[in-house]
Amino acid sequence: MRKTLAKNIFLNINPIKKFRTIKIQVDFLRPLDKDETTSRRLLANVMSNSTKDYPSFRAINDREMELYGSEINVFTRNLLNFNDLAFSVEFADPSFLIDGQTQVKDNLDLLGEIIFKPNLKDNSFDKTAFDTEKRNLLSNLVSIKDNQDLVSALGIAKLIYQNNPDRQVPIFGSIDQLESLDNQKLLESYYDVIENDTIVISVVGNVDETDFLEELTASDFYTQMNNDRNDLQIKFDNFSELINQPVNQIEHKHLNQSRIALAYATEGVSKKFNRLAPQIMNLILGGDDQSQLFQQVREKNSLAYSVSSTYQPLSYLVMIQAGLDADSVKKALELINQQIEFIKDGKFTDKQVEHAQKVMLTRRKIATDSIQYYIMQSIWETVYPKTLLSDRQFDDEVNNMDREHVSSVAENMHVIAQYQLIGD
């Protein structure tokens, strides 16, 4: 079932019976805004800490246990050019319980409690909850400097998105913004979210669609979410300026191990080429332990402790990261470039293509055994359906892969940014 409850409020129900649990997820979406990133992350933490009827984290946890171990999760993430504030509850399928007749309603009510009944006192969030979560988030942000892989990832991201200020603040926020964020500002942010964000409600599991819709319309969800919401407009970053003039940054720190991060823009995939060719190319380049980067840079030449590549299909970016000694950086960069040329020149074997195809098909099968896979399918069907492939389309694309498709991706890769974190 797919139903529009009001303008930009969507309900998707997938009554699949392959899982022993049911999951309900509510995603609040709005365009990324650097001034709101930190407040939305703190809001997620504070709202999951306590509610009006469950005024402590322990009280929420006790209620989850009463519902046979239900699991509440609240988080923020980037989704396209949107900030997604998501609330979910996953709980046991009542058909496996002796007395689970009200299981769906009870968990829907608990999720509604988390979203619509915050723990407020004197027109602000409970001071203990606010102070605790602000302190915890600050501690997490301060500790980032000790995670060099994350520092490297953030460093390359700042270079890539240097012309997009709304992506300059990472999704988990910034210390400066957090320190200036007070309780009243956070409450204003909450009311803004509840009133204006586009909402996608996704339900996956063994549920009766008609019964669930009746439960939903009788709950706090319907009374709180029956107003029209703001439109969303998908926007993609343009890297043409960086293609013409790549950017580089080198930082020196007192570290035992250095890091390098490289970003390559591809020109997308022509309609005459296979849509999954970039993923296959990435697997051959650095996407698993049989890849060129792993075998040549790490195993054969011992130039890196770790090295891998990833492909980001929505931005058409190939990212390479490596952890290595400072005196190996130059040789490693040369060898990385050689592996790209290796694929560009079509020197890879048919066995490498076959291995990558098997990996793609296996990962797809594994993914479909996860309830979260179907939650994400629901969101993409609502927000950006053209990105989806049916199982048959996916299998056909993988099985019809051509060597020319793979080489063409490498031929159209352009380095746009390089970040080096050098240990002294």
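Since the structure is predicted, the reported quantities are computational estimates derived from the model, not experimental observations.
The 12-atom threshold is exceeded at CD of Q312, counting heavy atoms of other residues, nucleotides or ligands nearer than 6.0 Å. Around CG of N244, the count of heavy atoms belonging to other residues, nucleotides or ligands within 6.0 Å exceeds 12. Enclosure of atom CD in E299 by more than 12 non-hydrogen atoms of other residues, nucleotides or ligands within 6.0 angstrom is indicated. Applying the 6.0 Å contact sphere to CG of N256 captures no more than 12 heavy atoms from other residues, nucleotides or ligands. Within a 6.0 Å sphere centred on NZ of K158, other residues, nucleotides and ligands contribute 12 heavy atoms or fewer. Heavy-atom contacts from other residues, nucleotides or ligands closer than 6.0 Å to NZ of K121 number 12 or fewer. Around the NZ atom of K18, the shell of radius 6.0 Å holds more than 12 heavy atoms that belong to other residues, nucleotides or ligands.
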R30/D84 under salt bridge (Lys or Arg N to Asp or Glu O under 4.0 Å): CA gap, chis, key distance, verdict: CA-CA 7 Å; R30 68 169 56 196; D84 178 12; over 6 Å; no

Derivation of the salt bridge (Lys or Arg N to Asp or Glu O under 4.0 Å) call for R63 and E66: CA-CA 5 Å; R63 181 55 178 158; E66 291 172 357; 3.0 Å; yes

From CA spacing to verdict: side-chain contact (heavy atoms from CB on, under 4.5 Å), M225, F116: CA-CA 10 Å; M225 300 190 305; F116 300 116; 3.7 Å; yes

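When ring centroids are compared, F75 and F87 stay outside the 6.0 Å threshold. Taking the six-membered ring for Trp and the full ring otherwise, the centers of Y311 and Y316 sit at least 6.0 Å from each other.
Put simply, the side chain of D197 never gets that close to the backbone of I199: no donor and acceptor are under 3.5 Å apart. Checking side-chain atoms of Q352 against main-chain N and O of T349 turns up a donor-acceptor pair under 3.5 Å.
Residues I22 and Q103 have side chains not in contact (no heavy-atom distance under 4.5 Å, counting atoms from C-beta outward). Residues L187 and F125 meet the side-chain proximity criterion, which asks for heavy atoms closer than 4.5 Å. Between Q148 and L421, some side-chain heavy-atom pair lies under the 4.5 Å cut-off. Between V151 and R259, every side-chain heavy-atom pair lies at or beyond the 4.5 Å cut-off. Inter-residue side-chain proximity for I336 and I260 is flagged as met; some heavy-atom pair is nearer than 4.5 Å.
Partner of T382 under the side-chain hydrogen bond (donor to acceptor under 3.5 Å, both in side chains) criterion, out of T198, N12, N8: N12 alone.
F96 carries R20 over the face of its six-membered ring, with the cationic atom under 6.0 Å from the centre and within 45° of the normal. By the 6.0 Å and 45° rule, R364 stacks over the aromatic ring of F394. Cation-pi check for R2 over F10 is not met; the charged atom does not lie both under 6.0 angstrom from the ring centroid and within 45 degrees of its normal.
The shortest heavy-atom contact between S180 and K185 is O-NZ, 3.5 Å.
When only modelled atom types and interatomic distance are considered, S308 and Q321 share no side-chain donor-acceptor pair under 3.5 Å.
With sequence neighbours left out, Q162 forms a side-chain hydrogen bond (donor to acceptor under 3.5 Å, both in side chains) with no residue at all.
Taking the six-membered ring where tryptophan is involved, the planes of F236 and Y384 are tilted, since the angle between them lies from 30° to 60°.
For the pair D33 and R40, the salt-bridge criterion is not met [side-chain N within less than 4.0 Å of a carboxylate O]. We find that D109 and K105 are joined by a salt bridge, their nearest charged nitrogen and carboxylate oxygen being less than 4.0 Å apart. Between D350 and R403, at least one side-chain N (NZ, or NE/NH1/NH2) sits under 4.0 Å from a carboxylate O, which counts as a salt bridge. E397 has a carboxylate O that lies under 4.0 Å from a charged side-chain N of R275, or vice versa, which qualifies the two as a salt bridge.
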